[in-house]
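Below, read A as the first sequence line, B as the second, and so on, with proteins coming before strands; counting in each chain starts at 1.
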Amino acid sequence: MGGWPMLDIKYIRSHPEQVEEALKKRNLVGALDQFLDLDRQWRKILVQVEDLKKFRNSASQEVGKLKKAGQDAGELQDKVRQVGQEIKALDDQVKELETSMDAILLNVPNLPHESVPVGPDEESNLEMRRWGEPPKFDFEPQAHWDLGPGLDILDFERASRLSGARFTVYKGAGARLERAVINFYLDVHTSKHGYREIWTPFMVNADCMMGTGQLPKFAEDMFKIEGREMYLVPTAEVPLTNLHREEILDGADLPLYFTAYTPCFRAEAGAAGRDTRGIIRQHQFNKVELVKLTRPENSYEELEKLTADAEEVLQLLGLPYRVVLLSTGDMGFSSAKTYDLEVWMPSYNTYKEISSCSNCEDFQARRANIRYRPEPKARPQYVHTLNGSGVAVGRTVAAILENYQQADGSIVVPEVLRPYMGGLDKITREGR
RNA sequence: GGAGAGAUGGCCGAGUAGGCUGAAGGCGCUCGCCUGCUAAGCGAGUAUAGGGUUUGUAGCUCUAUCGCGGGUUCGAAUCCCGCUCUCUCCGCCA
C-alpha cells in the first residue's frame with residue numbers, strides 16, 4: 001500500500017466481522033464492504049503483475065547474456081517490450097486500487113477498546129471520579145468574561161479589533177498568569193513526572209496531520225497556510241507524536257515521554273454559537289501537551305499514569321474536577337480510549353473539559369509509521385501512542401479566575417503559582 | 001533572494017562509457033569460539049514493505065525499495081526531466 005494503512009489490513013481480511021462489529025459501536029455500518037472487494041481485486045492483479053515482472057527480470061538478463069555472446073536478441077527484446085506495456089497498464093490499476101483503498105481506510109476511525117462504554121453520544125459517558133469541592137460563594141460569582149475585563153487583564157474588544165471573534169488579549173497580571181501556568185505545568189511534568197521538554201515548530205506539513213489523524217477528514221477544522229502545504233498546529237500532539245515518524249526505535253528506549261508547550265490554532269468550524277463568551281473556545285489558545293510512545297503491552301497502564309499526571313496539576317492548583325470515560329460515540333477519531341478531565345466552572349455551573357487523555361494504540365503509529373524493535377534482532381512492531389492535555393492553559397486561567405474570585409472581583413493567586421508571579425498573591429484592579 | 005555542491009543499508013563509505021549490486025569495504029550490533037578477567041583475535045549472521053504458499057506473525061518463494069515522482073531502455077543506484085531536503089558562499093534579516 002502506498003499511503004497510510006490505519007487499521008491492520010491483514011486483520012481486516014481475516015476478521016471482517018469483528019471489525020464491522022467494532023465500527024458499529026462508532027455508528028459506522030458497512031464501511032468495509034467496498035474495501036474488502038477492492039482488496040480482493042488488488043491482490044489478484046498484484047499476483048499477475050508480479051509474475052510479469054519476474055519474467056521481465058529474467059528475460060532482460062537473458063538479453064544481456066545473448067548480446068555479450070554476440071548473438072541476436074531482437075525477438076526476445078520485442079517480447080519483453082510488450083510485457084512492459086502490460087506491466088505498465090496493470091501497475092496503473094494497482095495504484096488506482098490502492099488509492100481507493102487508502103481513501104476508505106483513512107476515513108475510518110480507530111476501533112474502541114473493550115472497556116469503553118458503548119453509546120451514541122456524550123450521554124453514555126461514564127463518570128469515573130471527582131476531586132475537590134466546587135466553591136461556595138456568599139456573593140454572586142461572576143464569569144471570567146466579566147472578571148477579566150473588570151480587572152483589565154482580559155480584553156475581548158480590542159482582540160476582536162486585532163483579529164476578530166474568538167481571540168483574546170491578555171494584559172498585565174493576566175498575561176503573566178497565562179505564562180505562569182505554562183511554566184508551572186512544564187516544570188511539574190518535567191521534574192516530577194519524567195517527561196522530556198520539547199519545543200516544536202508551530203507549523204507542520206500535511207504528512208504530520210495525516211499521521212495523527214487530523215487529515216484527511218478534518219481539514220476544515222484547521223488553519224492552512226495560504227499557498228503552502230503547511231498547517232498551524234491544532235495541538236502539540238501533532239508535532240510530538242510525529243517526532244519519530246518513519247523511524248524504527250530501539251525497544252530499550254521505550255517508553256518515551258514528551259511534553260511541550262505550544263499555542264493551538266483551531267478553525268472551530270461547526271462550533272458557531274457555542275461558548276461564544278470568554279476564553280473557553282478560541283481560535284488560538286495555549287496548551288501544555290503530554291505524549292507517550294510505548295510498547296503495546298503496557299499502553300493502558302501508561303494511559304492511567306498519563307491521566308493521573310494531568311490530574312495532578314489540577315490538584316496542585318486546587319481546582320475541582322472530575323474524570324469522565326468517553327463513550328464510543330463521543331471519542332475522537334484516532335482514539336481507542338479517552339478520559340476527559342473536566343474542571344469546575346462556576347459560570348457554566350458545571351464541569352467543563354480541560355484535558356483529554358487518549359490511548360490511540362497503533363492507529364497513529366501505522367499512519368505515521370512509528371515502530372520499535374522489541375529485541376535487538378526481532379522484527380519491528382508499531383508502538384502505541386498516547387496523548388493528553390497537561391492541561392489546557394486558557395481554560396485553566398478561566399477556571400482560576402472563576403474559582404478563586406473574591407467578593408470585590410479580585411482573584412486570589414493559587415499558592416503554587418505565586419513563585420511564578422513574582423510573589424503576587426492577589427490580582428486586583430489596582431495592582432494589575 | 002543570487003551562485004554552487006550533495007542526497008546509497010543502523011552509521012561511515014564504494015559503486016557513472018546502464019546489466020547477475022539489496023547493493024563492495026569498514027564501523028556498530030547479535031550469536032558462537034578463544035582468553036585467568038578485560039582488551040585484542042577468530043568464525044557466522046545482521047534492511048524494510050507487500051503478495052503467494054501455509055493452521056501459522058515459522059519456513060519457502062516472488063515483487064518492490066540506492067531522497068521523492070516521472071521518462072528513456074530488453075534492462076537504471078548508474079542516463080534525462082520535475083520536485084523535496086541538506087550543505088557551502090554572497091545578500092538580507094530577528
Requested in this report: Please report the C-alpha distance between A:Phe333 and A:Phe363 in whole Å, then the side-chain angles of each, then the deciding distance to 0.1 Å, and finally whether the ring-ring contact (aromatic ring centres under 6.0 Å, His included) criterion is met.
Outcome: CA-CA 10 Å; A:Phe333 181 75; A:Phe363 183 90; 5.6 Å; yes
Requested in this report: Applying side chain to side chain contact (heavy atoms under 4.5 Å, CB included), run through A:Glu127 and A:Val323 and close with a yes or a no.
Outcome: CA-CA 6 Å; A:Glu127 182 175 311; A:Val323 181; over 6 Å; no
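With A:Ser358 as reference, A:Thr338 is the one residue of A:Thr385, A:Thr307, A:Thr338 to meet the side chain to side chain donor-acceptor pair (under 3.5 Å) rule. Between A:Tyr195 and the options A:Thr259, A:Thr190, A:Asp309, a side chain to side chain donor-acceptor pair (under 3.5 Å) holds for only A:Asp309.
To the nearest whole angstrom, the two P atoms, one in B:U73 and one in B:G18, are 16 Å apart. Across B:G45 and B:C60, the matching P atoms stand 14 Å from one another, rounded to whole Å. Using P as the reference atom, B:C79 and B:G19 are 11 Å apart when rounded to the nearest Å. Spacing between B:G13 and B:A24 at atom C1', rounded to whole Å, works out to 10 Å. Nucleotides B:C74 and B:G69, compared at atom C1', are 24 Å apart to the nearest Å. For B:A3 and B:G82, the P atoms lie 15 Å apart once the distance is rounded to whole Å. As rounded to the nearest Å, B:G91 and B:C66 have C1' atoms that lie 36 Å from one another. Across B:G67 and B:C31, the matching C1' atoms stand 34 Å from one another, rounded to whole Å.
Checked by atom type, the side-chain pair A:Tyr257/A:Lys305 shows a donor-acceptor distance below 3.5 Å. A donor-acceptor contact under 3.5 angstrom links the side chains of A:Tyr339 and A:Glu304, judged on distance only. Of the N and O atoms on the side chains of A:Asn110 and A:Glu361, not one donor lies less than 3.5 Å from an acceptor on the other residue.
Rounding to whole angstrom units, CH2 of residue A:Trp42 and C1' of B:U63 are separated by 11 Å. As rounded to whole Å, 13 Å separates atom P of B:U84 from atom CG of A:Asn205. Rounded to an integer number of Å, the gap from CD of A:Glu246 to C1' of B:G10 is 16 Å. One interatomic measurement links the two molecules: CG of A:Leu97 to P of B:G50, which rounds to 18 Å at whole-angstrom precision. Across the protein-nucleic acid pair, A:Arg228 atom CZ and B:C85 atom P stand 9 Å apart, rounded to whole Å. Atom CD1 of A:Ile9 is separated from atom C1' of B:A49 by 11 Å (rounded to the nearest Å). In this structure, A:Gln41 places its CD atom 16 Å from P of B:G51, rounding to the nearest Å. Distance CE (A:Met101) to C1' (B:A49): 14 Å, rounded to an integer number of Å.
Pairs engaging residues 409-420 of chain A under the side chain to side chain donor-acceptor pair (under 3.5 Å) rule: A:Asp187-A:Tyr420, A:Asp408-A:Ser410 [sequence neighbours left out].
Proximity of a side-chain donor or acceptor of A:Thr276 to a complementary backbone N or O of A:Ala272 within less than 3.5 Å is not detected.
In this structure, the side chains of A:Leu106 and A:Lys217 stay at 4.5 Å or more apart for every pair of heavy atoms.
Remark: RNA chain B forms stems of 3 or more consecutive Watson-Crick or G-U wobble pairs, all pair distances under 3.5 Å, at B:1-7 with B:84-90, B:10-12 with B:25-27, B:28-33 with B:41-46, B:47-53 with B:59-65, B:67-71 with B:79-83.
Each of A:Lys53 and A:Ile248 was assigned the nucleotide of RNA chain B with the nearest heavy atom; the assignment lying further toward the 5' end belongs to A:Ile248. Nearer the 5' end of RNA chain B, as judged by each residue's closest nucleotide, is the contact made by A:Arg373, out of A:Asn57 and A:Arg373.
Nearest nucleotide to the A:Arg371 side chain, out of B:U48, B:G51, B:A64: B:U48.
In this view, A:Glu237 and A:Gln364, A:Asn387 satisfy the side-chain hydrogen bond (donor to acceptor under 3.5 Å, both in side chains) rule, not counting sequence neighbours. Take A:Lys224 and apply the side-chain hydrogen bond (donor to acceptor under 3.5 Å, both in side chains) test, not counting sequence neighbours, and it matches A:Glu229.
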Query raised in the report: Where along nucleotides 66-79 of chain B does protein come under 4.0 Å, by heavy atom, of base (B) or sugar-phosphate alone (S), with - for untouched nucleotides?
Result: ----S-S-BS----
Just the table, please: protein N/O against nucleotides 52-58 of chain B N/O, every pair under 3.5 Å.
from, atom 1, to, atom 2, distance (Å)
B:G52, OP1, A:Arg43, NH1, 3.4

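Taking the six-membered ring for Trp and the full ring otherwise, the centers of A:His283 and A:Phe167 sit less than 6.0 Å from each other.
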